[in-house]
Amino acid sequence: MLKTCALLTLVATALLAGCGSSTAPTSGYNGSVATVSLAWDFAPNTNHTGIYVAQQQGWYRQNGINLTFIQPGATAPETLVGSGKADFGISFTEAVTSSRSAGVPIVSIAAIIQHNTSELITLKSSGLDTVAKLAGKRYAGFGAPQYEKPVVDQVLSCGGVTNPSFQYVATDFAGLQALESGQFDFAWVFHAYDSIEAQVKGIALNVFPITDYCVPDYYTPVIITSARMIQQHPDVVTRFMKATAEGYTYAIAHPQAAASFLMQGAPAGSFNAGDTTFVSASQSYLSPLYAQGASCWGQQTLANWKNYPRFMYN
């Protein structure tokens with residue numbers, strides 16, 4: 001019973017983003033400037049666009065925030081934020097749930113996308129055109145088997161596999177790269193990244209959205225901070241979130257301009273010269289989804305936060 005309460009109570013402590021503050025750009029901030037850090041989850045991509053927009057437009061500075069970035073590395077954003085080595089981070093409902101159930105004091109403060117756009121993919125040429133055919137195949141794992149395996153098992157089970165099993169192999173390859181290497185049969189990706197990249201490259205895929213296969217919808221990715229940060233520096237969290245919301249609200253209204261801000265603001269070498277078409281297509285797909293069905297960007301509800309933890313516990 002204690003485990004049940006520990007896992008399900010985490011959703012009650014999540015900070016549910018509201019829409020009370022204006023998203024109009026701030027004219028200026030007269031207080032002291034706070035230097036804060038944000039830990040990225042992956043290399044720059046269109047999940048991150050609003051943050052780069054706000055940085056490039058000077059909206060963090062106008063809200064009294066000097067924002068620095070911690071590039072992806074061996075230590076997960078959840079660990080960095082939970083230990084106080086980063087003030088904010090990009091995470092996922094899966095990672096927040098598993099971290100909180102393990103006692104890591106992180107809190108989701110905004111949903112970057114309102115619905116889960118992730119999916120399992122295979123190459124069309126593989127002949128693996130149903131999830132039932134994925135049983136026993138090689139899966140390109142990204143290093144989080146504690147939640148990858150239960151979700152993939154559920155997808156296979158919902159797709160008709162009586163005793164779901166597959167070969168889990170952790171890899172540094174991105175999802176599409178893993179399939180192109182020939183070393184893996186299927187991967188779990190975000191549609192806006194690998195699947196759009198495949199379309200731009202002319203690579204035909206079989207696509208299986210996970211929420212079509214008995215997995216509840218949930219927010220992914222999300223922005224996290226620590227309970228300590230919220231308690232000790234609520235004004236900094238508020239100002240950070242105001243600037244971030246301005247960035248994503250701009251990206252919703254101006255997809256192509258926002259894509260340009262992303263490519264300009266990312267570290268040198270993040271994008272190749274030929275990536276403009278891919279980033280543009282990805283942003284066109286994702287911008288309408290940032291706040292789809294919500295009254296503002298970033299909004300979270302307790303009802304949505306119950307579904308995934310309950311699914312994982314069961």
Heavy atoms only: give me the nearest [X]-[Y] pair and the separation to one decimal.
X: Ala294; Y: Gln114; result: CB-CD, 3.6 Å
X: Glu148; Y: Gly143; result: OE2-N, 3.3 Å
X: Pro77; Y: Trp40; result: CG-O, 3.4 Å
X: Thr171; Y: Ala140; result: CG2-CB, 3.8 Å
X: Phe166; Y: Val152; result: CE2-CG1, 3.5 Å
X: Gln300; Y: Trp305; result: OE1-NE1, 2.7 Å

Audit row: His48, Asp41, side-chain hydrogen bond (donor to acceptor under 3.5 Å, both in side chains) steps and yes/no: CA-CA 10 Å; His48 309 147; Asp41 52 339; 2.8 Å; yes
About how many Å separate [atom2] of [Y] and [atom1] of [X], when rounded to the nearest 0.5 Å?
X: Asp129; Y: Ser125; atom1: CG; atom2: OG; value: 11.5 Å
X: Gln146; Y: Glu94; atom1: CD; atom2: CD; value: 10.0 Å
X: Ile90; Y: Glu78; atom1: CD1; atom2: CD; value: 10.5 Å
X: Asp194; Y: Lys201; atom1: CG; atom2: NZ; value: 9.0 Å
X: Thr162; Y: Leu156; atom1: OG1; atom2: CG; value: 11.0 Å
X: Asn307; Y: Met312; atom1: CG; atom2: CE; value: 14.0 Å

[X]-[Y] side chain donor-acceptor pair, cut-off 3.5 Å:
X: Gln154; Y: Tyr213; value: no
X: Gln283; Y: Thr46; value: no
X: Asn206; Y: Thr122; value: yes
X: Trp188; Y: Glu119; value: no

Check against side-chain contact (heavy atoms from CB on, under 4.5 Å), Leu67 and Gln55: CA-CA 8 Å; Leu67 183 62; Gln55 183 82 326; 3.9 Å; yes
Honestly curious: do [X] and [Y] fall in one hydrophobic cluster under the side-chain, below-4.5 Å linking rule?
X: Val131; Y: Tyr147; answer: yes
X: Val189; Y: Val215; answer: no
X: Val207; Y: Ile210; answer: no
X: Val236; Y: Ile230; answer: yes
X: Leu128; Y: Val161; answer: yes

Determine whether [X] and [Y] make a side-chain contact, defined as any pair of heavy atoms from C-beta on separated by less than 4.5 Å.
X: Met229; Y: Val36; result: yes
X: Val222; Y: Phe92; result: no
X: Thr244; Y: Phe240; result: yes
X: Val107; Y: Arg100; result: yes
X: Ile121; Y: Phe208; result: no
X: Val155; Y: Cys214; result: no
X: Phe88; Y: Ile109; result: yes
X: Val33; Y: Ile65; result: no

Between [X] (side chain only) and [Y] (backbone N and O only), is there a donor and an acceptor less than 3.5 Å apart?
X: Asn45; Y: Ala43; result: yes
X: Ser99; Y: Ala95; result: yes
X: Gln167; Y: Gly136; result: yes
X: Thr211; Y: Asp217; result: no
X: Arg228; Y: Gly84; result: no
X: Thr238; Y: Pro234; result: yes
X: Ser83; Y: Leu80; result: yes
X: Gln57; Y: Val53; result: no

side-chain contact (heavy atoms from CB on, under 4.5 Å) assessment of Tyr218 paired with Thr97: CA-CA 11 Å; Tyr218 54 86; Thr97 301; over 6 Å; no
Under 3.5 Å donor-acceptor pairs involving side-chain atoms of residues 250-267, not counting sequence neighbours:
from	atom 1	to	atom 2	distance (Å)
Gln256	OE1	Ser280	OG	2.4
Gln256	NE2	Ser280	O	3.4
Gln256	NE2	Ser284	OG	2.7
Ser260	OG	Gln256	O	3.3

Results of side chain to side chain contact (heavy atoms under 4.5 Å, CB included) for Ala243 - residues two or more places apart only: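 Partners of Ala243 by the side chain to side chain contact (heavy atoms under 4.5 Å, CB included) criterion, ordered by chain and then number, come out as Trp59, Tyr60, Asn63.
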Over 12 non-hydrogen atoms of neighbours within 6.0 angstrom of CG in Asn314: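 Correct, the count exceeds 12.
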Sub-6.0 Å ring centroid separation between Phe69 and Tyr52: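 Yes, the ring centres sit under 6.0 Å apart.
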Among Tyr285, Phe271, Tyr193, ring pair (Phe, Tyr, Trp, His ring centres under 6.0 Å) partner for Phe278: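 Result: among Tyr285, Phe271, Tyr193, Tyr193 is the only option passing the ring pair (Phe, Tyr, Trp, His ring centres under 6.0 Å) with Phe278.
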Step-by-step side-chain contact (heavy atoms from CB on, under 4.5 Å) determination, Asp87 to Val81: CA-CA 6 Å; Asp87 299 301; Val81 173; over 6 Å; no
side-chain contact (heavy atoms from CB on, under 4.5 Å) between Phe190 and Ile113, intermediate numbers included: CA-CA 11 Å; Phe190 281 115; Ile113 307 172; 5.6 Å; no
Distance-only donor-acceptor hits, side chain of residues 178-186, under 3.5 Å, sequence neighbours excluded:
from	atom 1	to	atom 2	distance (Å)
Ser181	OG	Ala178	O	2.6
Ser181	OG	Gln183	N	3.1
Asp185	OD1	Arg138	NH2	3.0
Asp185	OD2	Arg138	N	2.7
Asp185	OD2	Arg138	NE	3.0

